[in-house]
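Here's the structure, in structure tokens; my notes come after.
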Amino acid sequence: MKIFSKVCLVLIFLFLVAMCIVEDYVASTALATVEDDCLRLEEMTANLDNIVTMEVALAVDTLEYNWTGNESKLCYLVNHKSIQEIGMEIAKLKVYQQENDVKEFRASLEAVKFYSHSYLHFMGASLHNVI
């Protein structure tokens, strides 16, 4: 009986390690995708005074589409309220792009980059998160 409990303990430990690895991979991939999309948008709009163009609208739609798909995966791992700021800022991006408000568009883009970068630190596996 003693060996059975040790085997169960090892299996539980391996299961927890596997779950941590999967969580880290899903969170890192999702947030890196958002950050890459933001960098692409930032590069695309760096010298533009008029952001009401089809390619900017498509880039914002791509960012929203990628985030929506990744957000549904992340909701299983973290509290939805912890990550909803990115979705709200992406919604603002769409409005600012349609209204051609370049200053607010860039501010929202910076906020999305900030949130994705900071979430990556607190969602990733680290000794600080365990303790």
Side-chain angles (χ1 to χ4, degrees):
M1 190 64 162
K2 202 164 189 119
I3 197 151
F4 179 72
S5 61
K6 289 181 181 180
V7 168
C8 285
L9 186 63
V10 167
L11 288 176
I12 290 171
F13 177 75
L14 290 175
F15 177 74
L16 291 175
V17 168
M19 289 301 297
C20 287
I21 291 170
V22 168
E23 177 186 2
D24 187 48
Y25 175 75
V26 169
S28 298
T29 304
L31 294 172
T33 301
V34 169
E35 198 167 7
D36 289 344
D37 288 344
C38 286
L39 291 174
R40 192 173 311 113
L41 251 173
E42 188 176 49
E43 183 179 299
M44 183 184 303
T45 60
N47 298 325
L48 294 179
D49 291 332
N50 181 13
I51 56 174
V52 183
T53 64
M54 183 58 82
E55 63 182 23
V56 174
L58 288 174
V60 172
D61 286 341
T62 301
L63 173 64
E64 182 182 36
Y65 178 78
N66 288 340
W67 175 247
T68 303
N70 290 328
E71 184 182 26
S72 63
K73 295 174 195 169
L74 288 174
C75 285
Y76 292 114
L77 303 174
V78 295
N79 186 355
H80 180 69
K81 291 187 180 208
S82 300
I83 58 172
Q84 73 182 2
E85 289 92 358
I86 291 178
M88 291 177 4
E89 288 297 327
I90 291 172
K92 289 178 187 178
L93 271 177
K94 291 184 76 144
V95 171
Y96 295 145
Q97 189 267 332
Q98 292 169 353
E99 293 178 352
N100 199 26
D101 192 347
V102 179
K103 183 179 176 183
E104 292 297 325
F105 180 86
R106 290 189 177 131
S108 275
L109 192 59
E110 284 298 318
V112 172
K113 282 178 18 185
F114 171 76
Y115 287 137
S116 64
H117 186 72
S118 63
Y119 292 165
L120 189 60
H121 287 291
F122 86 78
M123 285 185 198
S126 68
L127 186 60
H128 184 267
N129 291 345
V130 173
I131 296 175

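None of these values were measured; they are calculated from a predicted model.
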Ignoring hydrogens and angles, tell me if any N or O in the side chain of Glu71 forms a donor-acceptor pair with the backbone of Gln84 under 3.5 Å.
no
Do NZ/NE/NH1/NH2 and the carboxylate oxygens of Arg40 and Glu43 come within less than 4.0 Å?
no
Does one hydrophobic cluster hold both Ile83 and Val22, with members joined at side-chain heavy-atom distances below 4.5 Å?
yes
With side chains defined as the heavy atoms from C-beta onward, is the minimum distance between Leu31 and Ile86 less than 4.5 Å?
yes
Closest non-hydrogen atom pair between Leu74 and Ala27, with its separation
CD2-CA, 3.6 Å
Asn50 CG: over 12 foreign heavy atoms closer than 6.0 Å:
yes
Please examine the side chains of Tyr65 and Asp61, heavy atoms only from C-beta on, and report whether any two atoms are closer than 4.5 Å.
no
Is there a donor-acceptor pair under 3.5 Å between the side chain of Asp24 and the backbone N or O of Cys20?
no
Identify whether Val17 and Met19 are in the same connected component of the hydrophobic contact network (ILVMFWY, side-chain heavy atoms under 4.5 Å).
no
Rounded to the nearest 0.5 Å, how far does CG of Asp36 lie from CG of Asn66?
10.0 Å
So which heavy atom on Tyr96 is nearest to which on Ile51, and how close?
O-CD1, 3.9 Å
Hits for salt bridge (Lys or Arg N to Asp or Glu O under 4.0 Å) against Glu104, two or more places apart or cross-chain, chain-then-number order -> none
Leu41 side chain reached by Asp37 side chain, heavy atoms, under 4.5 Å:
no
Are the charged groups of Lys113 and Glu42 less than 4.0 angstrom apart, N to O?
yes
Looking at Arg106 and Asp101, would you say the former's side chain and the latter's main chain have a donor-acceptor pair under 3.5 Å?
no
Heavy-atom closest pair (Thr33 atom, Thr29 atom, distance to 0.1 Å) is OG1-O, 2.8 Å
Polar side-chain atom of Ser5 near backbone of Lys2 as donor-acceptor pair, under 3.5 Å
yes
Run the side-chain contact (heavy atoms from CB on, under 4.5 Å) check on Val52 and Gln98 step by step: do they pass?
CA-CA 6 Å; Val52 183; Gln98 292 169 353; over 6 Å; no
What distance separates Asp49 CG from Asn100 CG, expressed to the nearest 0.5 Å?
8.5 Å
Rounded to the nearest 0.5 Å, what separation is found between the CE atom of Met44 and the OG1 atom of Thr53?
7.5 Å
Common cluster, Leu58/Trp67, ILVMFWY with side-chain heavy-atom separation under 4.5 Å:
no
Out of the candidates Glu89, Lys103, Lys92, Gln97, only one should pair with Ser108 under the side-chain hydrogen bond (donor to acceptor under 3.5 Å, both in side chains) rule; please name it.
Glu89
Would a single hydrophobic cluster contain both Val112 and Leu48, if residues Ile, Leu, Val, Met, Phe, Trp and Tyr are joined by side-chain heavy-atom contacts under 4.5 Å?
yes
Any chance you could measure Phe105, atom CZ, to Leu93, atom CG, to the nearest 0.5 Å?
5.0 Å
Could you give the distance from CD1 (Ile90) to CG (Leu63), rounded to the nearest 0.5 Å?
4.0 Å
Using modelled atom types only, decide if a donor and an acceptor are shared between the side chain of Ser118 and the backbone of Tyr115 within a distance under 3.5 Å.
yes
